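Below: the structure, in structure tokens.
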Protein chains: 2
Amino acid sequence: MVTKRVPAGLPEDADLRRADSLAREIFSDVANKWALLIIEALGEGTLRFSELRDEVEGVSHKMLTQNLRMLERNGLVERTVHPTVPPRVEYTLTEPGRELRTAVDAICGWTHEHLDHVERARERFGER
Amino acid sequence: MVTKRVPAGLPEDADLRRADSLAREIFSDVANKWALLIIEALGEGTLRFSELRDEVEGVSHKMLTQNLRMLERNGLVERTVHPTVPPRVEYTLTEPGRELRTAVDAICGWTHEHLDHVERARERFGER
DNA sequence: CTGGATCCCGACAGATACTG
DNA sequence: CAGTATCTGTCGGGATCCAG
């Protein structure tokens with residue numbers, strides 16, 4: 001987390017602190033397993049709640065709603081309710097959300113590309 | 001998380017399942033706040049344990065060691081002990097670790113670039 | 001179907017103390 | 001300084017039930 005350094009006490013000092021703590025807060029929100037998997041699952045498209053639950057393997061009802069609310073609150077995901085019966089709710093990444101997704105993609109890609117490296121590292125690590 | 005689809009029952013089927021579950025496991029390990037912050041803190045350089053504790057703001061002694069062990073086990077971080085007194089232990093990203101770091105950089109960058117967007121989204125979300 | 005609310009247990013994370 | 005161990009409380013997160 002790169003932080004701009006400024007002599008203490010200047011007028012803009014407080015603002016910078018605020019911005020940094022906000023950045024940390026957002027990072028903490030976003031940098032968790034379920035949030036990233038949801039972002040990855042949404043991809044370019046639109047998914048319903050139940051589709052997401054199926055798509056994001058292993059996520060519980062609670063964690064899904066919780067993270068979706070959080071992502072919506074932070075403006076990463078847009079939630080559109082179709083007032084039909086039964087209700088139909090769709091989730092889509094916003095533009096910033098899609099931008100973040102490319103980073104998540106990179107992590108996913110990295111994971112698959114280094115399976116062997118990790119496995120070998122684990123074996124070596126196991127020898128003790 | 002893109003998964004290659006193969007007709008069930010083929011010889012390589014089991015291998016693919018194993019690879020996927022391994023990928024998920026690695027992802028779960030890596031996609032957490034402290035691990036990502038540690039990777040980001042290490043950057044291109046080398047840091048001692050105590051330097052990392054200072055650098056990664058808010059991390060506890062325990063979480064730091066725990067995550068460092070995990071990153072070492074997965075071959076993302078290299079740990080070198082200098083048998084001096086007092087002991088001096090240094091941590092560096094491995095090559096795969098540095099590759100992953102670029103993705104983490106992207107997330108950090110994203111965070112700082114969208115502070116306003118997030119703040120506005122939160123305000124709008126608050127109106128309920 | 002979506003999702004809020006509640007209960008409850010296990011895992012996680014902090015604090016502290018102890019070794020090399 | 002670096003790291004392990006233990007103890008303890010908190011809370012993440014699953015299961016379940018209820019409502020719109």
Side-chain angles (χ1 to χ4, degrees), chain A residues 24-39 41-42 45-74 76-93 125-128, chain B residues 24-39 41-42 45-74 76-93 125-128:
Chain A
R24 268 298 282 272
E25 197 183 319
I26 300 173
F27 189 87
S28 296
D29 271 1
V30 161
N32 85 67
K33 180 180 162 179
W34 293 129
L36 295 184
L37 285 175
I38 289 171
I39 291 172
L42 281 176
T46 295
L47 290 178
R48 305 181 52 172
F49 183 84
S50 46
E51 291 171 331
L52 268 172
R53 197 187 336 133
D54 297 341
E55 202 73 16
V56 180
E57 175 172 317
V59 72
S60 70
H61 184 110
K62 187 183 181 180
M63 286 302 97
L64 185 54
T65 50
Q66 208 165 89
N67 279 277
L68 281 172
R69 287 298 152 278
M70 180 273 287
L71 291 172
E72 186 192 358
R73 184 172 100 92
N74 289 329
L76 283 149
V77 160
E78 189 182 1
R79 176 172 177 268
T80 54
V81 182
H82 297 77
T84 61
V85 43
R88 177 186 187 85
V89 182
E90 294 184 327
Y91 295 92
T92 317
L93 289 181
F125 189 84
E127 299 163 0
R128 292 160 316 134
Chain B
R24 268 299 282 272
E25 198 184 319
I26 299 172
F27 189 87
S28 296
D29 272 0
V30 162
N32 85 66
K33 181 181 164 181
W34 293 129
L36 295 184
L37 286 175
I38 290 171
I39 291 172
L42 281 175
T46 294
L47 290 178
R48 305 181 52 172
F49 183 86
S50 47
E51 291 172 332
L52 268 172
R53 196 189 338 141
D54 297 342
E55 201 74 16
V56 180
E57 176 172 316
V59 72
S60 71
H61 185 109
K62 188 182 179 180
M63 285 301 98
L64 184 55
T65 50
Q66 208 165 88
N67 279 277
L68 281 173
R69 288 297 155 277
M70 180 274 287
L71 292 173
E72 187 192 358
R73 185 172 99 91
N74 289 329
L76 283 147
V77 160
E78 189 181 2
R79 175 172 178 268
T80 55
V81 182
H82 297 77
T84 61
V85 44
R88 176 187 187 83
V89 183
E90 295 184 326
Y91 295 92
T92 317
L93 290 181
F125 189 85
E127 298 163 1
R128 300 158 310 134

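In what follows, chains are A, B, ... by sequence order, proteins preceding strands, each numbered from 1. Nothing here was measured: the structure is a model prediction, and the numbers come from that model.
Only one option out of H61(A), R79(A), E90(A) pairs with F49(A) in a side-chain contact (heavy atoms from CB on, under 4.5 Å); it is H61(A).
Ranking dG3(C), dC1(D), dA2(D) by closeness to the V89(B) side chain, first place goes to dA2(D). Here dT2(C) is the nucleotide among dG4(C), dT2(C), dC1(D) with the atom lying nearest to any side-chain atom of F49(A). Of all nucleotides listed (dC1(C), dG3(C), dG3(D)), dG3(C) comes nearest to the side chain of R79(A).
Rounded to a whole Å, the CD atom of E72(B) is 15 Å from the P atom of dA2(D). Remark: P of dA2(D) and CG of L64(B) are 10 Å apart, rounded to the nearest angstrom. Between N67(B) atom CG and dG3(D) atom P there is a gap of 13 Å when expressed in whole angstrom units. Atom P of nucleotide dG3(C) and atom CD of E51(A) are separated by 13 Å, given to the nearest angstrom. If you measure from atom CE of M70(A) to atom C1' of dG13(D), you get 15 Å, rounded to the nearest angstrom. Summarising the geometry, the separation between CZ on R69(A) and P on dA5(C) is reported as 11 Å, rounded to the nearest angstrom. Regarding Q66(B), its CD atom lies at a distance of 7 Å from the P atom of dA13(C), rounded to whole Å. Rounding to whole angstrom units, CG of residue L37(B) and P of dA13(C) are separated by 13 Å.
Using a distance-only test at 3.5 Å, with no hydrogens or angles considered, no donor-acceptor pair links the side chain of N74(B) to the main chain of L76(B). Not a single donor-acceptor pair under 3.5 Å links the side chain of Q66(B) to the backbone N or O of M63(B).
Where the helix from dC1(C)-dG20(D) to dG20(C)-dC1(D) starts and where it ends, the local axes point in directions that differ by 40°; five pairs per end, rounded to 10°.
Taking side-chain N and O atoms only, R48(B) has a distance below 4.0 Å to OP1 or OP2 of dA2(D). Not one side-chain nitrogen or oxygen of Y91(A) sits closer than 4.0 Å to the OP1 or OP2 atom of dC1(C).
At the heavy-atom level, R53(A) lies nowhere under 4.0 Å from the strands shown.
When side chains are defined from C-beta on, F27(A) counts as touching L36(B), because their heavy atoms get closer than 4.5 Å. Side-chain contact between T92(B) and L42(B): absent, with no pair of heavy atoms (C-beta onward) separated by less than 4.5 Å. In this structure the side chain of L37(A) reaches within 4.5 angstrom of the side chain of R24(B), judged on heavy atoms.
E25(B) CD: more than 12 foreign heavy atoms inside a 6.0 Å radius.
Take E72(B) and apply the salt bridge (Lys or Arg N to Asp or Glu O under 4.0 Å) test, not counting sequence neighbours, and it matches R69(B).
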Where protein sits on nucleotides 14-20 of chain D, one letter per nucleotide: B base, S sugar-phosphate only, - none, heavy atoms under 4.0 Å: B-----B
Steps toward side-chain contact (heavy atoms from CB on, under 4.5 Å) verdict (E51(B), V56(B)): CA-CA 9 Å; E51(B) 291 172 332; V56(B) 180; over 6 Å; no
